[in-house]
Structures are given as C-alpha cells and as structure tokens.
**Q** 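Before I ask anything, here is the structure I am working with.
Quick note on labels: first sequence line is chain A, next is B, and so on, each numbered from 1. Computed from heavy atoms alone, side chains included, the values below leave out hydrogens, waters and symmetry copies. Just so we're clear, the structure is a prediction, and the values are computed from it rather than from any experiment.
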Amino acid sequence: MARYNFKEAEARWQNVWRERGTFEVKTDPSRRKYYVLEMFPYPSGKLHVGHVRNYTMGDMVARYKRAQGFNVLHPMGWDAFGLPAENAAMASKVHPARWTDDNIATMRGQLEMMGLSYDWTREVATCHPDYYRHEQKMFLDFLKAGLAYRRESWVNWDPIENTVLANEQVIDGRGWRSGAVVEKRLLSQWFLRITHYADDLLDALKTLERWPERVRIMQENWIGRSEGARAFFGIKGRSERLEIFTTRPDTLYGASFCALSPNHPLAQELAKNNPALAEFIAECNRMGTSEVTLETAEKKGVDIGVKALHPLVPGWELPVYVANFVLMEYGTGAIFGCPAHDQRDLDFARKYGLPVKPVVLPPGEDPRTFAVGSEAYLGDGTIINSDFLDGLDVPAAKRRVIERLEASSAGQGTIAYRLRDWGVSRQRYWGCPIPVIHCRKCGIVPVPEKDLPVRLPDDVTFDKPGNPLDHHPTWKHVACPQCGGKALRETDTFDTFFESSWYFERFCSPRSDKPFERKDVDYWMPVDQYIGGIEHAVLHLLYSRFFNRALRDCGYLDVKEPFAGLFTQGMVCHETYRDADGQWLFPEEVRREGEGRLVDAKGRPVEVGRMEKMSKSKKNVVGLEAIVADFGADTARLYLLSDSPPERDLEWTDAGIEGAWRYVNRLYNLVTEPRIALAPAGAPLPNELAPNVDKARRAIHRAIAAVTDHIEKFRFNSAVARVRELTNALEEMGEGAGAAQVFRQGIEVAVRLIGPMMPHLAEELWQALGHATLLADERWPEADLSLTIEDTVTIAVQVNGKLRATIELPRDGERAAAEAAALAQPAVQRAIAGKPARKIIIVPNRIINVVV
RNA sequence: GCCCCUGUGGCGGAAUGGUAGACGCGGCAGACUCAAAAUCUGUUGCUCGCAAGGGCGUGGGGGUUCAAGUCCCUCCAGGGGCACCA
C-alpha cells in the first residue's frame, strides 16, 4: 500500500494554480457571475481551525460553482483595525501597525497552505489609507445627506485609567486592568441614522429568501417595530406635561404609577433639590451600559413626590417614580405602569405597595372573582373596569383609546422601534480617523475632500492611558478650513464595523482610486453566497444592509441588498484539560495512557472538561500547522466538511482527523493501484453489462445526483458520505462485462466530486488517470437521471403504524397487488390476528399501513 | 432578564410527516505478522430469547395524525446575541 505524499503534492498544485492564475477573475458581463465570500478575519495572530472551517466551506462552494461554469469571484482580505492591536501595543510595546502586518503575513501563509481558491490579486487590508480614505469620503457624504449627526451618549468610564472601556473590558462592573468601579459618562459622539431605514430594513427581510430563517427573525426582533401610543399626562402643579410611550394603550385604566428614566429631563431637574433622588440617579449611572446589566439588575425606583394626572380621567392622580429599568433610548423615556398586565410593572407594584387593577378579563374568568396574583396576565380578553372600553377585545380597545386620545389632544397613535442609531465614535487610536475639525468659531467643519485621507500618525505612544491621538503633540492641531484660525481635529476613530460594512464592494475593484468602479460593482454585486459565524447575525449583517442603503442614497451604487444568500456556520469546539493544579493544558501536552486515562508530561492525571468553543484562554486549541504537517491540508478539509453538519458546532477529535486521513489514502490507492484494470479513457461500454456492473453504474449516477443536491443545500457532511458510498460500491464491484469501463467511469466521477473538497488530491488523481488538463478547469459531472431510478422498490408494511414486514415490488405497481402482497405476509397476518382491516393506507412505492 | 438556536446508539451524525440509526469514529471477533503498527474481513442501538421471534427506543411530559425524530403546547439542559470584542 502506497502512502499519499501530500507534502510534495500540495505544494506542487498550489504552485500550478498560482502560476497559471487559475483563480484570478475579471469583470466579464458576457459570463454568468457568482460571488462567494467568507467573512474576512480579524488578524489576531494565527488562523484557528474555526477560520479554516469557514474558508473550506467557501472554497467548496467557489470551486463547485466554477465547475458549473460560473465566473466566480472569491476574494480574501483583512478586517485590520481593532482593539486587540492596541492591547498588544500596551502589553508588549509593539506598534499596532507592525503587530497587524506581522499577523497578516502569518495568516496569509496559513491560508495559502490550505489551497483555497482565492484571487489573491484582490487582497485588501482595511487599515491602509488606500482603503480607509474612501470611508472618510463616505462619512462626509453621509453628513451632507443628514445620515450622520452628533449627540451625547453614555460610555463606560474607567476613573483610574481615565479612559473609555468597551463592554468587553468591563468585568463585574469593574475595569479589566484597573479594577476600578466603572462609571457611566456622557460624551459627544457621532451617530449614523440607521433608524431612518428601520421600516425598509424590516420589510426587505422578506426578500432575503436565501437567508436562514433564524437570522431574519433575530434582525426583525432587533429592529423591534411596535405599534403603540404616546399619551400626555399632566403634572400636578406644573405647566409641562409628561409624555409617555406605551404598546398597551388598552390598559390605560389599569394604570397605577408612572416611571421615568434616570436620564429623563424631569428627573434631572428634580434631582437638583432632592438629594435622595440625585443619589439614586448617580447609582443608576454607576451601572454599565450593556443591556444585560440593566435587564438583570434588581428593579428599583424612587418616588419623586410629584403626581401625574391621568389623560382620560379628570382628577385621577398617579405617583411618579424614577426607575432604573426605564430606558431613555426607547420610546419617550417615560412609561405608565399597569401591573395587572405587565410582569415587570407587577413586580415593581408589589415591591412598592401599588394597586393592581385588572382591566383585561381572560376568557372564561368571572369578572367578580378574577384577580392577579404573582403573574401578570398578558393575553387577549375582554376589557373591564375601563369606562368606554368595557366589553371590547384588546386590539379594538387599542384603536378606540387612540381615537379618544387624539380627539382630546391627549396623545396619538405612534410606532416605536427598539433599533437605535449606530454610534460610530471610538476613543481609540487603531481605527479610521473621523474627518472633521472642531473650530471654536465655526463649530464642526468637515475636512475638505482635497485634504483626504486624514492619515493616522505613526509616532504614537501607549504609555499613557486614553487615546494616543488625543495626546499626540501636534496631530490634532490644525487650521480651521473655514476661518483659518486655530482648530482641533476630531481624535475619535470609527467603529470597526464601518470597515466591514462595505469591504465586499471594495473587493470588486480593489485597486481603484474610487471606493469601487460602478461597472465592477454592477456586475459582481450582490454577494451570491456569504458565509460566516452566527455571532454576526445582527450587528455586522444589519450594519452592512444599512450602509448599503446609505451608499445608494448618496449615489454610490445601485444595489438593494448586499448579501443575496447567507449561510451561518457553527463553531469548532474541543475538550478542555486541566492538570492536578487546575491549570489549563494544551491538547498536545496531554497523552493517553492505558484505558483512556489521560496524563500530563509528568505523568500526573489530567481532568477532562467539557467540549467548548476553542479559545486561547482555555488552551483547547489545535495548531493548524501541526495538523497540516501531519495529515495535509486535504485531510483537514475533509474532516472539517464531513464531521458535522455545517451549521452545527464541530467537535475536533484526533480520531476524527485520523479517520479522514485513512480515507485519503484509500482513495489514493483506489486510483493508483486499481483492483480492476482501468479501461482507457473514453472507451465505449459493451452492449450488455454484467448485473453487478450495471448496479455499480447506477450507483455512480445516483452519487452524482445526490452529491450535487447536498452541495447545493449546504449539506457537506452528507455529500462526503455519498462519495464514500460510491467508493465503497466501486471497491465491492466484482469483475464482469463492462467492469473495466464502469470502474474507470466511477473513479473519474469520484475524483471530480471530491475536487471542491480535496482539491490537491483531486488534481493529483486526475493527472494519474492520464489527463493533461487541470481538474480545476473541468466541468462538474452530470447524472443520467434514467439511471438513478430502480425498477423495484422496497415497501414497508405496517399494522397499526408498527413495522411488521417489508416487501419487494415493481415500481409503480397496482395498488391491489401491493395490498394483497402485504396482507399475505406471515408477520402481518400474525399481527392482525384475524381481525378485519378497518382501513388500508397505501403510499405508492413507500408504505402500506393496515389499520385494524 | 430579553431574542434566537440545538438536544437521535459508547461518540460525530443520517432520515420530502411514511422501514430511525445512511456514512464515519470507537468497540468486539478473525486474517496477515516472530511481534506490533498499518491494512483487510465480519459484527456492533438497548433488552428478553438456544432459536424463531418479541418488547423498548430520537432530552422529560402532554397533544394532533392511519403514521411523529420531524407538526403543536409545555418543561428541562446546553449554546449564540444583547448595540464599544470582532
């Protein structure tokens, strides 16, 4: 048995592809295009197996579509701005640019080693001025179009480091480096008006038929359109009114209190003369900014002593609280509480002894006895205790109460969104500078286009906390473009989601002076198949959809949705290991001793933990280099494709990769040392085939049909299984008339089918079969459908839904014959036990169910 | 806390509402070998039975249906996201 020398072969074929420019493509409107894109990586250091799984799937699609004759664009680049580069700069004194470039070089080498069919001439790194200059121009256009604006918003503030922290850097309410209790602080920042497109982003989700349902649902919920009403409550003894938002105006008669956000203007004003309230607001502001912090915090409030006047019932006064669960960003920053029909309001009411009055009667309940205990009633029912609304159902009551509010100018129907505008300012160095200048006289002045790009200075230091751009000695000091006076540059940079919101368009014309050429974008966009992690289901994918709309409205392009097809793949997981001291161990530090017992290098026992997402902190990562050195890129690719369904998590095991390696060799030997002498290529079949040969021939065509279907549907694990079934069938086929021809046919088909999975091995075997062409340039095989259908079918026979026998019958036979054959089965007779059949259900060619 | 997803043999998984366990990993038995590795052959859901043949079985409970891993309700467990990680 020969071993496949993957080391030599993989390098050789990678060279051939590179030298021939096999995967370099041009805009060519005479050809059908297909754009395959994997989410580009952040250059964090090294490629991990999770990246490779993603790119292997993309390569599978790219090579498959290429074989089908498409002009396939398959580019790769680097999402190169971001926080880790600055953390590295602080930790090990290396400049973010240097650190990023080094990482890119390492990771590019790793990608090349995997034999992925990228057009490397299109490589892009977002940290280069050639890239980010275009988004500075885009931002200026957004500003002109009113899509960018400036307002104050809250950030996490570390009072010891005097710096803004990312949510990730806040651990249990404390700064991750300083350990200081994090405060919230108001900062003036830039926002993009994504809410302007809320309805369009929501409605267009329906058109994204090739997106996973769950991603569409998540985006729909994220946008969170809800119809409701604004209502004005008077304030006793004051002239202004309190404007509240509610999605349940039908429960207005069940109100028992009003609550304001700690940042509501009225709360802020009253706090000036109310030390207890001021302290409560301060306490709220010490909490982090993340939604999970707010939502899981204990619900608290302070009665601020004023009385709100019910908009529909003269003289009805309600207490007003400031409460930590009311968000200033949603609705109006003020609510009314109806405890009987909202769980949070109920908890709050119980805590502060407020009345609970039911106004919606659940079906079947008696209005005289119905009461709400510890659980609010959220469903539909009949309105009670509500004056003119009594007797209506919930939707009707909503309409009626809104009519009444509008008639009396006490409110109106309105729509609220959960979606908030996108804050793009970051107080960091390693990002794209925001191209504006702050002038004391002229205010905010955009950087003139002739002065773009605003480049990041190289000479920065990270020894002081805070933004290095801000303490750079000269960079921010400029003359105002309008008045010529002394002015300051904006020192904030863009959120890195800015770069990833249009890179797929840059790939269409990566070397253009413009962001992209219209003719290229018109040809290549939209991305036909986008592949990435489910963790991007909302933010990146929603921002990109928005950004595309904003670019369209600024005249850049004419694309409705950037990603026509989306696939979200699962993560790669691995067991975790700890030594006797509880320290994490890398898998290569653990060895097997005896009956499944694991020990460390010193022979001490190792505790095996759960399968978890591979992460550096738990050391449950496998080195890509080691895998490729031991087994080759194709084996790794095969394993990644075959082990789990692509959307599900994959559990990396040594046994799994070894199994893939065995198959690689088996396939290699099947071709290089064939059991049956191969007929010459293209030799005609004899008129009569031996039955076993005919069976194999049918298996070949069924395999083509099945593998093609599985690839189309992203069931790569099943595609691999079907290829294995084919090679199993070929190995089992005996000699007979036509064996040499069919065996050759089968092998050639198998080699073509593995082309997108294991491209190096496929080229190697294609050559071994005597072909002078590249397999990468060959067309995908087509199944002869007449050969995929068998003459006989196996029909299951059930009695009362329980399988009792199977019968072999001619396809599409008579129902009566099938019924008779089924009833004739001894096992069926036994199960019927002489009882008359009440009903016999026959699903043709499939199943017969006798009901007795 | 809220939104979304997942749950099938010892393990990864397969299965247009129609024969649960394809394909693979692992195990067991055998062949080859001085021996081991590699390779090959057979076998392998659990359970009762000498066998023939039964019974049970897709996280738990309930429902719809001639028929449920698949559809509905509910509970449990694990995972992803929650707006400054990318």
**Q** Could you work out the separation of rC50(B) and rA35(B) based on their P atoms and round it to a whole Å?
**A**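 Taking atom P in both rC50(B) and rA35(B), they lie 37 Å apart.
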**Q** What is the distance, to the nearest angstrom, from the CD atom on Q219(A) to the P atom on rC82(B)?
**A**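 Roughly 13 Å, once rounded to whole Å.
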**Q** Taking N and O atoms by type only, does the side chain of E651(A) place a donor or acceptor under 3.5 Å from a partner on the base of rC11(B)?
**A**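 Between rC11(B) and E651(A), which were checked side chain against base, a qualifying N/O pair under 3.5 Å is absent.
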**Q** Locate the shortest heavy-atom distance separating G175(A) from V182(A); write the atom from each residue and the value.
**A**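 Closest approach of G175(A) to V182(A), heavy atoms only: N-CG2, 3.4 Å.
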**Q** Pick base, sugar-phosphate or nothing for V164(A), based on heavy-atom distances below 4.0 Å to the nucleic acid.
**A**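 Base: the residue V164(A), judged by heavy atoms under 4.0 Å, touches a nucleobase.
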**Q** Using side-chain heavy atoms (C-beta onward) and a distance below 4.5 Å, is W157(A) in contact with N285(A)?
**A**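 No, their side chains stay 4.5 Å or more apart.
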**Q** Can you pull out every salt bridge (Lys or Arg N to Asp or Glu O under 4.0 Å) where at least one residue sits in residues 716-726 of chain A? Sequence neighbours excluded, please.
**A**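 Counting only pairs at least two positions apart or across chains, the salt bridge (Lys or Arg N to Asp or Glu O under 4.0 Å) contacts touching residues 716-726 of chain A are R722(A)-E725(A).
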**Q** Quick one: on RNA chain B, does E295(A) or T806(A) contact a more 5' nucleotide (nearest heavy atom)?
**A**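 Going by which nucleotide is closer to the 5' end, it is E295(A).
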**Q** Whether R662(A) contacts rG26(B) is assessed here as follows: a side-chain N or O lying under 4.0 Å from the phosphate OP1 or OP2. Is that the case?
**A**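 Result: yes.
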**Q** For rG10(B), measure the glycosidic angle (O4'-C1'-N9-C4 for a purine, O4'-C1'-N1-C2 for a pyrimidine) and name it syn if it falls within 90° of 0, otherwise anti.
**A**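 That one's anti.
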**Q** Measure CD/E86(A) against P/rA86(B) and give the value in whole Å, please.
**A**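 Taking CD of E86(A) and P of rA86(B), I get 10 Å after rounding.
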**Q** Choosing from rU16(B), rA22(B), rC84(B), which nucleotide comes nearest the side chain of E725(A)?
**A**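 The answer is rA22(B), which lies nearest to the side chain.
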**Q** Would one find a side-chain N or O of N849(A) under 4.0 angstrom from OP1 or OP2 of rU19(B)?
**A**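 For rU19(B), neither OP1 nor OP2 has a side-chain N or O of N849(A) closer than 4.0 Å.
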**Q** rC11(B) and rG21(B): how far apart are their C1' atoms, nearest whole angstrom?
**A**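 Roughly 13 Å separates the two C1' atoms.
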**Q** Return no unless some side-chain N or O of K802(A) is found under 4.0 Å from OP1 or OP2 of rC56(B).
**A**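 Affirmative; the distance criterion is met.
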**Q** Between rG45(B) and rU19(B), how far apart are the two C1' atoms, rounded to whole Å?
**A**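 The answer is 16 Å between these two C1' atoms.
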**Q** Are any of the side-chain heavy atoms of L294(A) and N324(A) separated by less than 4.5 Å?
**A**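 No, every pair of side-chain atoms sits at 4.5 Å or beyond.
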**Q** Suppose we call a contact any N or O donor and acceptor under 3.5 Å apart; does that hold for the side chain of R846(A) and the base of rU16(B)?
**A**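 In this structure, the two groups form a donor-acceptor pair.
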**Q** Is any side-chain N or O of R648(A) closer than 4.0 Å to OP1 or OP2 of rA14(B)?
**A**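 So the side-chain polar atoms of R648(A) do come within 4.0 Å of the phosphate oxygens OP1 or OP2 of rA14(B), strictly under.
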**Q** Using whole Å, what does the distance between atom P of nucleotide rC4(B) and atom CG of N221(A) come to?
**A**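 Rounded to the whole Å, the gap is 5 Å.
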**Q** Are W190(A) and I434(A) side-chain neighbours, meaning at least one heavy-atom pair lies under 4.5 Å?
**A**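 W190(A) vs I434(A): side chains touch.
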**Q** According to the Watson-Crick and G-U wobble definitions, with both distances under 3.5 Å, which nucleotide is paired to rU70(B)?
**A**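 Across all strands, not a single nucleotide pairs with rU70(B).
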**Q** Take atom P in rC40(B) and the same atom in rC23(B), then report the distance between them in whole Å.
**A**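 It works out to 16 Å between them.
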**Q** Using a heavy-atom cut-off of under 4.0 Å over every strand shown, decide if N800(A) touches base, sugar-phosphate, or nothing.
**A**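 Contact class for N800(A): none.
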**Q** Using a distance-only criterion (donor-acceptor N/O pair, under 3.5 Å, no hydrogens), is the base of rC3(B) paired with the side chain of E291(A)?
**A**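 No such pair is found, so the answer is no.
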**Q** Round to the nearest Å and state the distance from F494(A) atom CZ to rA83(B) atom C1'.
**A**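 Rounded to whole Å, this separation is 18 Å.
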**Q** On RNA chain B, nearest-nucleotide positions of R420(A) versus I841(A): which is more 5'?
**A**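 The residue mapped nearer the 5' terminus is I841(A).
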**Q** Using atom P of each nucleotide, how far apart are rG27(B) and rG10(B) to the nearest Å?
**A**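 Rounded to whole Å, the distance is 16 Å.
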**Q** Should rC32(B) form a Watson-Crick or G-U wobble pair with both distances under 3.5 Å, which nucleotide is its partner?
**A**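 Answer to the pairing question: none, since rC32(B) forms no Watson-Crick or G-U pair.
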**Q** In whole angstrom, give the distance that lies between atom CG of L638(A) and atom C1' of rC25(B).
**A**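 Answer to the nearest Å: 13 Å.
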**Q** Given rC5(B), rC66(B), rA86(B), identify the nucleotide with an atom nearest to the side chain of L83(A).
**A**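 Looking only at heavy atoms from C-beta outward on L83(A), the closest nucleotide is rA86(B).
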**Q** Give one of base, sugar-phosphate or nothing for Q798(A), where a contact means two heavy atoms less than 4.0 Å apart.
**A**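 The residue Q798(A) makes base contact.
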**Q** Determine whether T635(A) and F6(A) make a side-chain contact, defined as any pair of heavy atoms from C-beta on separated by less than 4.5 Å.
**A**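 No, their side chains stay 4.5 Å or more apart.
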**Q** Under a 3.5 Å limit for both distances, which nucleotide forms a Watson-Crick or G-U wobble pair with rU64(B), could you say?
**A**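 By the stated definition (distances under 3.5 Å), nothing pairs with rU64(B).
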**Q** Measure from the side-chain heavy atoms of R418(A) and tell me the nearest of rA83(B), rC84(B), rU19(B).
**A**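 From the listed options, rA83(B) comes nearest.
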**Q** Would you call R428(A) and E86(A) a salt bridge, using N to O less than 4.0 angstrom?
**A**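 Between E86(A) and R428(A) there is no salt bridge, as every charged N stays at least 4.0 Å from the carboxylate O atoms.
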**Q** Can you tell me whether the side chain of R838(A) and the base of rC66(B) have a donor-acceptor pair closer than 3.5 Å?
**A**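 Flag unset: no donor-acceptor pair detected.
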**Q** Given atom CD1 of I848(A) and atom P of rG18(B), what is their separation to the nearest angstrom?
**A**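 From I848(A) CD1 to rG18(B) P: 16 Å.
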**Q** For I657(A) and rG24(B), give me the distance from atom CD1 to atom P, rounded to whole Å.
**A**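 Whole-Å distance recorded here is 17 Å.
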**Q** Could you check whether E329(A) gets within reach of a base, just the sugar-phosphate, or nothing at all, counting any heavy atom under 4.0 Å?
**A**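 E329(A): no heavy atom of the nucleic acid under 4.0 Å.
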**Q** Within the 4.0 Å heavy-atom criterion, would you say V170(A) contacts the bases, only the backbone, or no part of the nucleic acid?
**A**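 The answer is nothing, as V170(A) stays clear of every strand by at least 4.0 Å.
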**Q** Looking at the rings of F547(A) and F498(A), which for Trp means the six-membered one, are their centres under 6.0 Å apart?
**A**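 F547(A) vs F498(A): aromatic centres under 6.0 Å.
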**Q** Is the distance from OP1 or OP2 of rC85(B) to the nearest side-chain N or O of N167(A) less than 4.0 Å?
**A**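 No, N167(A) has no side-chain N/O under 4.0 Å of OP1/OP2 on rC85(B).
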**Q** What interatomic distance, in whole Å, is found between C1' of rG59(B) and the corresponding atom of rG69(B)?
**A**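 Taking atom C1' in both rG69(B) and rG59(B), they lie 12 Å apart.
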**Q** Check whether any side-chain heavy atom of Y429(A) lies under 4.5 Å from a side-chain heavy atom of N467(A), and answer yes or no.
**A**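 A side-chain contact exists here, since the closest heavy-atom pair is under 4.5 Å.
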**Q** Tell me what L539(A) touches on the nucleic acid: a base, only sugar-phosphate, or nothing, going by heavy atoms under 4.0 Å.
**A**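 Answer is base: heavy atoms of L539(A) come under 4.0 Å of a base.
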**Q** CZ of F716(A) versus P of rG13(B): gap in Å, rounded?
**A**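 For the pair F716(A) CZ and rG13(B) P, the rounded distance is 17 Å.
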**Q** Name the closest nucleotide to the N717(A) side chain, picking from rA14(B), rC4(B), rC84(B).
**A**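 Of all the options, the side chain of N717(A) is nearest to rA14(B).
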**Q** Report yes if some heavy atom in the side chain of I104(A) is under 4.5 Å from a heavy atom in the side chain of T100(A); otherwise report no.
**A**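 Result yes, sub-4.5 Å side-chain heavy-atom pair found.
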**Q** Which nucleotide, if any, forms a Watson-Crick or G-U wobble pair with rC82(B), using both distances under 3.5 Å?
**A**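 Base partner found: rG1(B).
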**Q** If the cut-off is 4.0 Å, is R830(A) near the phosphate of rG54(B), judged by side-chain N/O to OP1 or OP2?
**A**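 Checking rG54(B) against R830(A), a side-chain N or O does come within under 4.0 Å of OP1 or OP2.
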**Q** If we take the C1' atom in both rG55(B) and rG49(B), what is their distance in whole Å?
**A**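 11 Å, rounded to whole Å.
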**Q** Which nucleotide in the set rA14(B), rU19(B), rG24(B) lies at the smallest distance from any side-chain heavy atom of P645(A)?
**A**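 For P645(A), the side-chain atoms sit closest to rA14(B).
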**Q** Base, sugar-phosphate or nothing for R804(A)? Non-hydrogen atoms, less than 4.0 Å.
**A**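 Touches sugar-phosphate only.
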**Q** Could you please name the option among rC84(B), rA20(B), rC85(B) that lies closest to any side-chain atom of P84(A)?
**A**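 Looking only at heavy atoms from C-beta outward on P84(A), the closest nucleotide is rC85(B).
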**Q** Name the pairing partner of rG24(B), where a pair is Watson-Crick or G-U wobble with both distances under 3.5 Å, or state none.
**A**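 In the structure as shown, rG24(B) has rC11(B) as its Watson-Crick or wobble partner.
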**Q** In Watson-Crick or G-U wobble terms, both distances under 3.5 Å, what is the partner of rC50(B)?
**A**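 In the structure as shown, rC50(B) has no Watson-Crick or wobble partner.
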